[in-house]
Amino acid sequence: MTKTMLLATAAALSIASAAHAADAPQAAQAPIPTGPTATAPLDDATQKGVLVFTPDFFAAQRPNTALDMVDRVPGFTADDGAGTRGFEGSVGNILINNNRPASKNDAGTDVLERTPASQVDRIELIRGGAPGIDMQGFSVVVNVILKTAASRQSIVTWNAGLFDGGHDVWGGSYQFTAKNGARSWSVLLSDGTSTSDSNGVGRNIRRDATGKVLRDEAFINDGWGGSDSARVNYSGPLAGGKIEATGEYKLHDWQEWQKISSPTALRYSDYGEDTKSGELGLTYIRPLAPKWTLETRVIHQFETFDNVSTGSETDGGASEPEQRFTANGDSSESILRALVRNERSAALTIEAGGEIAYNMLDTHQAYSEGGVAVALPSASVKVEELRGEAFTKATWRVNPKLTLEGGLRLETSTIKQSGDASAEESFFYPKPRFQATWTPKANHQVRFRFERELGQLDFNDFAASSDFDDGNVFGGNVDLKPEQRWISEVTFERRFWGEGIVSIGYRHDEIIDVIDRLPLPGGLSATGNIGNGTLDKLSVNIVVPTDRFGIKGGRFTFKNDWNETHVTDPTTHQDRPISDVRPTQANIGFQQDITAWKTQWGVTWLPLLGLGTYDPDQTGGWRGAAYLESFIEYKPTPTLSLRAQLNMWDDFVIRRTVYADRDTRAVAFTEERDINPRTFWTLRLRKTF
């Protein structure tokens, strides 16, 4: 444990202790409604440990959407899930009317962002589990309960990303929503935008092993994209139960380029992609008998893609052959899932069910230098996986102070690869889980979790790929295995002063078959399993209301995860961190609601951020500092909001060390790219009719 971690922990505990004698009443505790359309009175005392936030709690903020409200729930951070293959364990921590969205791509935050705040009846914060609620591995979830009153609404948005010297992007959306009792439907037409906050200009300096400058070059890059999509949602009663259906079709494009130049040299690379994708989702929930409920889900999603990367270099008048990498193909996922839930009592719920998923990636890639084809391992492949999972879980509220949750998932899968390489392998993994939530007294809670998690493989790692920004071409890996983690985690939470909270968590992972950078014969590398490793994480989350300090409507926030990882490098056989894990990224902020001006404003500061990567032939990474984000939002009426946000930072450095060979690891050269990212404004107008 580092000194910084200990100091942060001590500071958090000090704040919690100082607030001990000055607690304000918290949100009401309430039961969890059950069944497809059930609601429950807030004064039902048979369930405890669920905090309920009614619209009055958010009145000073003047929220436009349900997401505005959820973002202000003390002690909760929205998580849309990993988006990995399958449903169990891959979705987020947001429930709407007791259930997760019918679609994987239609994330919980997306649904809430297009749900007007006026439709929210209440928000329930569920910590550590509660009977009738599927936590999906999360320690904390929110359950947004919507009103059933008849309504019709149209919402129009306009937004823009304006970059200082870069490529500006524009977009907007239109949504119509109709609701009548338990039945609702909506249509969303969207022209979306994609941007990068690391576009800018700078210098690229390359030095030899002695520190002598080999190149001193100007750097510039840019990247932008957009998407056009249409989504339809429907929810309503059917055959004694409730059905939720959604469908989406989307066209997306992205393009980026970078140029590194000097009076005698020029290096240029670019990348472009076009995708077409869609998704169909269906959820049906029906009571089978008193205290028995059936829940079924069917999801199918698909995508076609076409990507092109090029790289060229001219030095001293001599030109290297142009590098060109192309990839096209399609992918799909189909999921069938069903479970039966038995609410044996107000304190005990038991679930059992299963899931079947089929995943496929069919891709064709080609690499050439100067128009001459270069062979790549696994350049054209088709990867298929048939995966099945059976599970059972139970939540038992032993008494008002203690809740226990336990379960077991049994997963079996077969991954088959054909094309340039043929392989087939089957896996079987039991995945136990246990969680205990102890609330010794009001506003204090301790949560403990022990679980075996199985990482889902990225099918793109089975195929070749390229990164011409750093001159890399990667081969595919047919021998990938899922990464396994044995997780032990404990969290202490202390609430105070209404919105105040201090949360401190420690987590330790024993990782089997770490997925990282692996050397391949012929000077290539790939993503692969490199052995066992560990992760230690300290998490601190602090929210301090400032009313008691004379700053009305204000909140000071601090949040950070400190990560320490270890694994043995397969090239050097030395201990090192795991690639692409951020050691730290503190988030310090202040927000204030100024009710008299119908305005909110805030500022967020990230003092330090970055990560490292460890390839067989080079090591590198990036570091950033002093990232500042500020916003102001004016809401003159309950149906109109105007928001402006400014993002700026000027300390973004990319470093890499390239080695002459893998045996001696003699340094061929080092490179430091100091970039001044473009300052940019984000503007948004939202009007509800």
Side-chain angles (χ1 to χ4, degrees), residues 83-85 103-105 167 169-171 190-196 199 221-231 247-259 268-280 300-312 321-334 358-385 417-421 457-478 524 526-527:
T84 51
R85 302 189 314 284
S103 162
K104 283 180 61 179
N105 286 338
H167 190 100
V169 292
W170 313 80
S190 177
D191 179 15
T193 61
S194 302
T195 60
S196 170
N199 298 329
N221 75 333
D222 207 352
W224 66 93
S227 61
D228 299 308
S229 65
R231 179 176 286 277
E248 182 190 46
Y249 186 72
K250 178 186 290 186
L251 305 175
H252 175 76
D253 67 86
W254 173 261
Q255 49 194 318
E256 64 184 29
W257 58 266
Q258 74 169 26
K259 182 171 67 174
Y268 182 86
S269 65
D270 60 18
Y271 171 79
E273 72 174 27
D274 289 286
T275 63
K276 300 176 182 178
S277 62
E279 182 179 34
L280 299 172
H300 177 69
Q301 54 186 355
F302 60 89
E303 179 183 79
T304 62
F305 57 89
D306 192 353
N307 307 332
V308 179
S309 303
T310 64
S312 61
E322 181 187 63
Q323 297 173 293
R324 181 179 177 85
F325 187 95
T326 62
N328 61 80
D330 57 89
S331 63
S332 67
E333 177 180 45
S334 301
Y358 171 75
N359 299 272
M360 184 275 294
L361 171 67
D362 189 359
T363 182
H364 306 276
Q365 296 134 322
Y367 174 59
S368 64
E369 293 183 358
V372 179
V374 178
L376 291 174
S378 302
S380 295
V381 298
K382 183 176 183 179
V383 185
E384 300 171 276
E385 179 190 41
Q417 182 169 334
S418 57
D420 288 351
L457 296 174
D458 184 347
F459 279 4
N460 291 306
D461 293 333
F462 285 82
S465 60
S466 69
D467 178 13
F468 290 147
D469 290 354
D470 290 332
N472 282 330
V473 177
F474 301 103
N477 186 355
V478 301
L524 294 175
T527 298

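Taking both residues in full, the closest heavy atoms of L361 and S331 are given as CD1-CB, 4.0 Å, listed atom of the first, atom of the second, then distance. Nearest approach of S194 to V169, heavy atoms of both residues: O-CG1, 4.3 Å. Here the shortest heavy-atom pairing between P321 and G370 reads CB-N, 3.4 Å.
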Set out, in order, the CA-CA distance, both residues' side-chain angles and the distance that settles side chain to side chain contact (heavy atoms under 4.5 Å, CB included) for T310 and V308, then state yes or no.
CA-CA 7 Å; T310 64; V308 179; 4.2 Å; yes

Give the intermediate values and the outcome of side chain to side chain contact (heavy atoms under 4.5 Å, CB included) for residues R324 and E369.
CA-CA 7 Å; R324 181 179 177 85; E369 293 183 358; over 6 Å; no

Test side chain to side chain contact (heavy atoms under 4.5 Å, CB included) on V381 and T363 and set out the steps.
CA-CA 6 Å; V381 298; T363 182; 3.8 Å; yes

Can you check side chain to side chain contact (heavy atoms under 4.5 Å, CB included) on Q255 and Y271, steps first, answer last?
CA-CA 6 Å; Q255 49 194 318; Y271 171 79; over 6 Å; no

Go through Y358 and E333 one step at a time and tell me if the side chain to side chain donor-acceptor pair (under 3.5 Å) criterion holds.
CA-CA 6 Å; Y358 171 75; E333 177 180 45; over 6 Å; no

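Proximity of a side-chain donor or acceptor of D222 to a complementary backbone N or O of H167 within less than 3.5 Å is detected. No donor-acceptor pair closer than 3.5 Å links the side chain of D362 to the backbone N or O of D330. In terms of modelled atom types and a separation under 3.5 Å, the side chain of H252 and the main chain of D228 share no donor-acceptor contact.
Y249 has its side chain within reach of K276: a pair of non-hydrogen atoms, C-beta onward, lies under 4.5 Å apart. The closest side-chain heavy-atom distance from T275 to F305 is below 4.5 Å.
Side chains of Y367 and Q365: a donor-acceptor N/O pair is absent below 3.5 angstrom, by distance only. A donor and an acceptor atom, one from each side chain of E256 and W254, are located under 3.5 Å apart.
Put simply, CD on Q258 and CG on N199 are 10.5 Å apart, with the number rounded to the nearest 0.5 Å. Atom-to-atom distance recorded for S229:OG and D191:CG is 8.5 Å, nearest 0.5 angstrom. Between D274 atom CG and N328 atom CG the span is 11.5 Å, to the nearest 0.5 Å. Distance check: S277 OG to E248 CD gives 6.5 Å after rounding to the nearest 0.5 Å. Atom CD of E322 and atom OG of S312 lie 6.0 Å apart (nearest 0.5 Å). The distance from the CZ atom of F302 to the CG atom of L280 is 7.0 Å, given to the nearest 0.5 Å.
Take H300 and apply the ring pair (Phe, Tyr, Trp, His ring centres under 6.0 Å) test, not counting sequence neighbours, and it matches no residue.
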